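Structure first, then comments.
Please read all numbers here as calculations on a predicted model, not as lab measurements.
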Protein chains: 2
Amino acid sequence: MPVTIYDVAREAAVSMATVSRVVNGNPNVKPTTRKKVLAAIERLGYRPNAVARGLASKKTTTVGVIIPDISSAFFAELARGIDDIASMYKYNIILCDSDQKLDKEILLINTLLEKQVDGIVYMGREITDEHLQVFNTATVPIVLAGTKERSEELPSVNIDQNQAGYDATTRLIQGGHKKIAMVTGPFQDPLAGIERFEGYRNALRDNGIDFRQDYVISGKLTYAAGLEAANLFMSLEEPPTAIFAASDETAVGVIHGIQDMGKRVPEDIEVVGFDNIRLAEMVRPRLTTVVQPMYDIGAVAMRLLTKYMNNEQVDHHIVVLPHRIEERQSTTQLSEE
Amino acid sequence: MPVTIYDVAREAAVSMATVSRVVNGNPNVKPTTRKKVLAAIERLGYRPNAVARGLASKKTTTVGVIIPDISSAFFAELARGIDDIASMYKYNIILCDSDQKLDKEILLINTLLEKQVDGIVYMGREITDEHLQVFNTATVPIVLAGTKERSEELPSVNIDQNQAGYDATTRLIQGGHKKIAMVTGPFQDPLAGIERFEGYRNALRDNGIDFRQDYVISGKLTYAAGLEAANLFMSLEEPPTAIFAASDETAVGVIHGIQDMGKRVPEDIEVVGFDNIRLAEMVRPRLTTVVQPMYDIGAVAMRLLTKYMNNEQVDHHIVVLPHRIEERQSTTQLSEE
DNA sequence: TTGAAAGCGCTAACAC
DNA sequence: GTGTTAGCGCTTTCAA
């Protein structure tokens with residue numbers, strides 16, 4: 001039923017090979033022939049079959065993307081960066097939500113590999129041995145974006161989470177605070193759960209501030225968790241005067257929790273968030289936060305993948321992008337500068 | 001290099017056809033044979049090539065999804081619904097950001113068709129004749145999600161945008177307001193720009209309230225636009241006492257704009273938003289808004305598409321999902337009930 | 001500059 | 001139950 005390359009060949013009175021050359025922009029075609037073929041394509045409404053092409057050429061110009069949750073502001077922004085660069089390099093993306101479930105992740109990787117994607121961008125919590133095992137069966141490159149991998153064998157793009165946690169905490173210490181609490185991710189989460197938390201603890205230690213267990217709450221980094229954390233902290237005998245939340249959504253929850261109790265941010269309590277999703281500007285006071293270049297993490301990861309797919313030289317397979325702190329109104333301005 | 005079905009056949013001492021049967025769960029295989037084949041597959045680490053299968057079977061178990069912007073909370077939620085149902089039916093998704101650009105949309109549709117997707121879910125502003133033309137060249141089903149199409153020929157899933165705008169406005173009128181302003185989308189946008197606005201105007205008319213041009217601002221529905229709109233409205237000689245914003249993000253901007261001027265929501269001015277993205281609960285006061293079942297729109301669209309792909313009977317190709325108003329604190333409670 | 005022909009890895013009759 | 005075989009629509013040598 002549909003028009004094939006053979007139909008075009010017949011219509012243009014040339015061979016399939018010539019049609020193929022024209023379609024693929026091969027310069028070794030006489031202009032008149034090219035014109036003839038193009039006309040036939042137009043006349044017949046020919047649309048090349050990419051599946052057949054993929055089988056013959058062993059390239060699909062499609063990459064797989066595994067993402068924990070596309071409806072999260074953070075990952076959606078990463079995805080946007082990935083997609084933009086992919087589109088720039090003429091790749092399409094097979095997007096797979098993994099829900100952070102290990103078995104679903106493994107299944108998805110296998111499915112993507114079966115579909116003969118030319119490469120994979122993986123986003124997730126952590127790379128386990130099981131992941132590594134499946135990745136090893138792949139003959140195509142894989143790049144991690146915003147994902148922890150201890151062995152540092154796989155190419156990856158990230159920020160220095162530990163340092164970022166350290167910096168956020170230090171910022172609060174510079175503001176004169178000694179009673180600094182933190183809302184961190186689940187301790188199973190190597191990035192938002194552990195690394196940022198360790199940065200926090202190191203900053204306290206380096207500034208001679210005792211670590212207090214009751215100043216730390218670990219759990220899902222939701223808005224509700226921030227609300228609740230604020231309540232808990234404020235009901236302490238000696239409530240903190242500053243709170244560092246490991247996600248913006250949680251930080252906004254913290255701010256609202258504080259405000260709901262009649263306290264003020266930053267006058268009574270200062271708050272610092274993490275990520276710099278757009279929400280950070282949609283709260284009063286606007287949120288001071290650690291800027292993670294989300295779009296860039298995605299974009300750079302995809303760019304890196306294109307290099308691998310084209311067998312280009314790659315200098316550093318581990319890319320650490322810079323982070324910084326965006327000063328807004330949930331902290332008071334530092335006086336000394 | 002990679003293991004093919006032929007290698008497995010040889011290893012298991014059966015024919016390719018038998019291997020194919022085992023892989024595809026065809027029951028016409030003796031259990032002992034099946035075991036033998038499975039063992040060979042395991043031993044060789046065979047992974048079926050979905051591209052070859054697609055070429056032979058003319059099915060790719062992949063659907064294309066065109067989306068204006070995956071980093072928008074609204075569309076990300078739709079995408080999530082689409083992906084969940086797709087995954088449930090064992091389909092993968094090729095996700096394409098269109099940026100609402102007509103030529104990119106057309107290009108993407110063609111690319112998806114070349115890649116032999118089994119169907120397409122399209123999200124966008126409006127279906128033009130040019131869209132229709134390309135869609136007509138497709139031999140696979142296409143379903144629109146949250147997208148306006150006048151002819152009502154194409155299957156689609158949406159809410160009644162006009163009625164929703166009407167309801168939101170009516171809610172404000174019931175609150176005793178006569179001076180009701182609206183921030184609406186660009187007038188080129190048939191959904192957020194025109195339909196909701198017409199609902200607003202009809203509600204005013206039906207309640208004997210004169211329409212005032214200076215109570216309407218049309219433009220991009222961003223947070224900043226809301227901020228700005230609030231400023232404009234408040235600087236009017238006779239400022240409105242209620243504002244209906246055609247998106248939650250804009251509504252939150254309106255709220256903050258009002259608060260920044262020292263006025264209070266809802267005491268001085270009431271605000272109603274649209275969509276019910278998660279942001280609506282992350283603002284003080286929490287936002288009263290028109291609930292669009294975003295996830296469901298995506299999920300139902302995908303479900304509908306599976307029916308078409310399986311040649312199942314479809315009763316209504318135009319699905320209109322219910323909307324409702326979620327009462328929160330940016331409006332005062334209605335007294336009469 | 002062009003054409004012929006051999007696959008790419010699999011499915012789906014059809015025959016046994 | 002199982003095997004044989006002819007494609008699916010294209011790319012890619014290799015010759016001409």
What is the separation between atom [atom1] on [X] and atom [atom2] on [N], rounded to the nearest whole Å?
| X | N | atom1 | atom2 | result |
| --- | --- | --- | --- | --- |
| A:Lys59 | D:dT12 | NZ | C1' | 14 Å |
| B:Glu114 | D:dT11 | CD | P | 11 Å |
| B:Lys115 | D:dG9 | NZ | C1' | 16 Å |
| B:Arg34 | D:dG1 | CZ | P | 10 Å |
| B:Arg10 | C:dG9 | CZ | P | 13 Å |
| A:Asn28 | C:dG3 | CG | P | 13 Å |
| B:Asp7 | C:dC8 | CG | P | 11 Å |
| B:Asn26 | C:dC10 | CG | P | 16 Å |

Residue pairs passing the side chain to side chain donor-acceptor pair (under 3.5 Å) test with at least one member in residues 140-157 of chain A, sequence neighbours excluded, are A:Glu126-A:Arg150, A:Lys148-A:Glu195, A:Glu149-A:Ser151
Result for 5'-nearest mapping on DNA chain D, choosing between A:Ala50 and B:Ser15, is B:Ser15
Between B:Leu55 and B:Thr33, the residue closer to the 5' end of DNA chain D by nearest nucleotide is B:Thr33
Note, A:Val65 side chain near A:Leu112 side chain (heavy atom, < 4.5 Å): no
[X]: partners by side chain to side chain contact (heavy atoms under 4.5 Å, CB included), with sequence neighbours left out:
| X | value |
| --- | --- |
| A:Ile106 | A:Leu102, A:Asn110, A:Glu130, A:His131, A:Val134 |
| A:Val14 | A:Ala12, A:Thr18, A:Val19, A:Thr33, A:Lys36, A:Val37 |
| B:Gln313 | B:Asp315 |

(request) Have a look at A:Val51 and say if it touches a base, only the backbone sugar-phosphate, or nothing, with a 4.0 Å heavy-atom cut-off. (result) nothing
Without placing hydrogens or testing angles, list every side-chain donor-acceptor pair under 3.5 Å for residues 23-31 of chain B, not counting sequence neighbours.
residue: B:Asn24; atom: ND2; partner: B:Ser20; partner atom: O; Å: 2.8
residue: B:Asn24; atom: ND2; partner: B:Ser20; partner atom: OG; Å: 3.3
residue: B:Asn26; atom: OD1; partner: B:Asn28; partner atom: N; Å: 2.8

Quick tally for nucleotides 11-16 of chain C: nucleotides whose base has a protein heavy atom under 4.0 Å get B, sugar-phosphate-only ones S, the rest -, giving BBB---
| query | Hey, is B:Arg80 close enough to B:Asp83 for a salt bridge, meaning N to O under 4.0 Å? | reply | no
Considering only heavy side-chain atoms of A:Lys58, the closest of C:dG9, C:dT2, C:dG3 is C:dG9
